[in-house]
There are 2 protein chains.
Amino acid sequence: MVNKGSKKTKQAINREILESRILRSAEIIFAEKGFSGASMERIAERANISKQNLIYYFANKDLLYKRVLQETLGAWIDKLQLLELSEADPETSIRHYVKAKMQLSRDYPYGSKVFAHEIIGGAPVLRPYLVSDLKPQFERDIKVVNSWINKGFINKIDPAYFFFMIWATTQSYADFSTQMEILMGQSQLQEESYSRAERAVTELILHALGASKK
Amino acid sequence: MVNKGSKKTKQAINREILESRILRSAEIIFAEKGFSGASMERIAERANISKQNLIYYFANKDLLYKRVLQETLGAWIDKLQLLELSEADPETSIRHYVKAKMQLSRDYPYGSKVFAHEIIGGAPVLRPYLVSDLKPQFERDIKVVNSWINKGFINKIDPAYFFFMIWATTQSYADFSTQMEILMGQSQLQEESYSRAERAVTELILHALGASKK
DNA sequence: TTATATTTTTACCAGTTGGTAAACAAAACA
DNA sequence: TGTTTTGTTTACCAACTGGTAAAAATATAA
């Protein structure tokens, strides 16, 4: 009882910490094994608690999975809505957009992988969110790019293909990192290598659109 | 006994037909549910045989999974080795390369998805093949692209990023078809829509490289 | 301190699943 | 035709897994 104010009790704080520790563990296990391959036992193990204790915080696996997906999608939408494509300046807009997407791949590699598994599997859980959240945003962005085309700022190509290319390219740095590491002979994509990739991808995309000033 | 020659018995023929029917079923189920989520029961069901009968043809699930991956990777390598990037003519080479990759996405969407699940999950099974088969091919192709750069035919960018972009973009038409269908409001990517995508992707990539003659 | 709410542990189970063993059926061979 | 090889079905099970029930422990409030 009580505690109507804003002060958080020790319990509430610990709860938050533990919940986010669980979510991070779940993210990694789901990314590695997919929904079915991830066991509650292993997720709990990774979070250093018992399986039953995990179930105390997240009543069932579906719920935990949804939370992981929501957190990822939330982070993406937050970051990408901020930058609002500007009608006036394609190059700057695209630079920011690509940079933000690349940073998301770097900062949330596991969430990205869980998302990828989900979509590849037909989006059984995420479909409603894609329709209600992503689609409207997508349609707004399409309009902006169309205005660029009409003003002759960039090449004349259906904007949908343009976005698909950006998404695929940037997300592949999270989703297919394993393949990249094997091919480039690195144990992991280091910080420096990541910013080099960011620059390369940005230039490739600017050229693809014909938005580069050079 | 006997049958040292090349004539195939009815049994052998039926066996081949049934095995490929099983592999097609397995491909679809693995694509949809991932390795762990795919049950032998459901794969058998889809192939219209009993689970035990399935096990008669493929002794265990790991073996079946490996076969599905091998068939896909085999088809890819077959198609892509054929086209051998030509040192002389970047534009034609790239057009063929992109076209081949897009056709693979269209013709083997399920295999592509199984492959994606596998890589995203850390390539536990495919890693050796990536090292022994894909990496050497990759390194040969890198050299060709480098020669283009040195001759000033295309923009100066690390070829690795270039290939990652092509792969990500083309494969996304198989792997993320669900997302694309939701965003473009289509029940499936139709034939016509696919060839439009092929043209768009080709132009985007040619521009990205600065290999377009226009 | 005592009562209450929260958290953790212990014990357990029903459903699913990959796989084995063996009986049974059908085709190919001699 | 009888025999052997190949293919299919039936019966079954051990291991794993998500989840329930409830007891035990710990922290918070009065």
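Proteins come first, then strands; the chains are lettered A, B, ... in the order of their sequence lines, and each starts at number 1. Keep in mind that what you see is a predicted model, and the values were worked out from it rather than measured.
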### Query
Which class fits the ring pair B/Phe138 and B/Phe163: parallel under 30°, tilted 30 to 60°, perpendicular over 60°?
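The rings of B/Phe138 and B/Phe163 stand perpendicular, inter-plane angle above 60°.
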#### Entry: Side chain A/His117, main chain A/Ala31, donor-acceptor under 3.5 Å
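Between the backbone of A/Ala31 and the side chain of A/His117 there is a qualifying donor-acceptor contact (under 3.5 Å).
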### Task
List for me each residue that meets salt bridge (Lys or Arg N to Asp or Glu O under 4.0 Å) alongside A/Arg199, sequence neighbours excluded, and say none if there are none.
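Partners of A/Arg199 under the salt bridge (Lys or Arg N to Asp or Glu O under 4.0 Å) test: none.
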If we ignore angles and hydrogens, is there a donor and acceptor under 3.5 Å between the side chains of [X] and [Y]?
{"X": "B/Gln70", "Y": "B/Tyr129", "result": "yes"}
{"X": "B/Tyr65", "Y": "B/Glu118", "result": "yes"}
{"X": "B/Arg106", "Y": "B/Gln103", "result": "no"}

Can you tell me the distance, in whole Å, between the [atom1] atom of [X] and the [atom2] atom of [N]?
{"X": "B/Ile29", "N": "C/dG18", "atom1": "CD1", "atom2": "C1'", "value": "16 Å"}
{"X": "A/Glu16", "N": "C/dT7", "atom1": "CD", "atom2": "P", "value": "12 Å"}
{"X": "A/Glu41", "N": "D/dG19", "atom1": "CD", "atom2": "P", "value": "13 Å"}
{"X": "A/Leu18", "N": "C/dT8", "atom1": "CG", "atom2": "P", "value": "6 Å"}
{"X": "A/Arg21", "N": "C/dT8", "atom1": "CZ", "atom2": "C1'", "value": "13 Å"}
{"X": "B/Asn48", "N": "D/dT9", "atom1": "CG", "atom2": "P", "value": "11 Å"}

Enumerate the protein-to-nucleotides 20-25 of chain D contacts in which both atoms are nitrogen or oxygen and the separation is below 3.5 Å.
none

### Message
Tell me whether the side-chain N/O atoms of B/Arg15 come closer than 4.0 Å to OP1 or OP2 in D/dG7.
### Response
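Looking at the OP1 and OP2 atoms of D/dG7, one of them is under 4.0 Å from a side-chain N or O of B/Arg15.
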#### Entry: Residue-phosphate contact under 4.0 Å: B/Tyr56 side-chain N/O, D/dG7 OP1/OP2
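Affirmative; the distance criterion is met.
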### Query
Got a salt bridge between A/Glu71 and A/Arg24, using NZ or NE/NH1/NH2 to carboxylate O under 4.0 Å?
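No, A/Glu71 and A/Arg24 are not salt-bridged.
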### Task
Give a yes or no on whether a salt bridge exists between A/Lys143 and A/Glu139, defined as a side-chain N under 4.0 angstrom from a carboxylate O.
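Here A/Lys143 does not pair with A/Glu139 in a salt bridge, since their nearest N and O are not under 4.0 Å apart.
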### Any B/Lys51 side-chain heavy atom under 4.5 Å of B/Met40 side chain
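When only atoms from C-beta onward are counted, B/Met40 and B/Lys51 do touch, with a gap below 4.5 Å.
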Could you work out which one of [options] sits closest to the side chain of [X]?
{"X": "B/Tyr57", "options": "D/dT9, C/dT7, D/dG7", "result": "D/dG7"}
{"X": "B/Ser39", "options": "D/dG7, C/dT17, C/dT8", "result": "C/dT17"}
{"X": "A/Asp62", "options": "D/dG19, C/dT7, D/dT8", "result": "D/dG19"}

Please list, pair by pair, any protein nitrogen or oxygen found under 3.5 Å from a nitrogen or oxygen in nucleotides 23-27 of chain C.
none

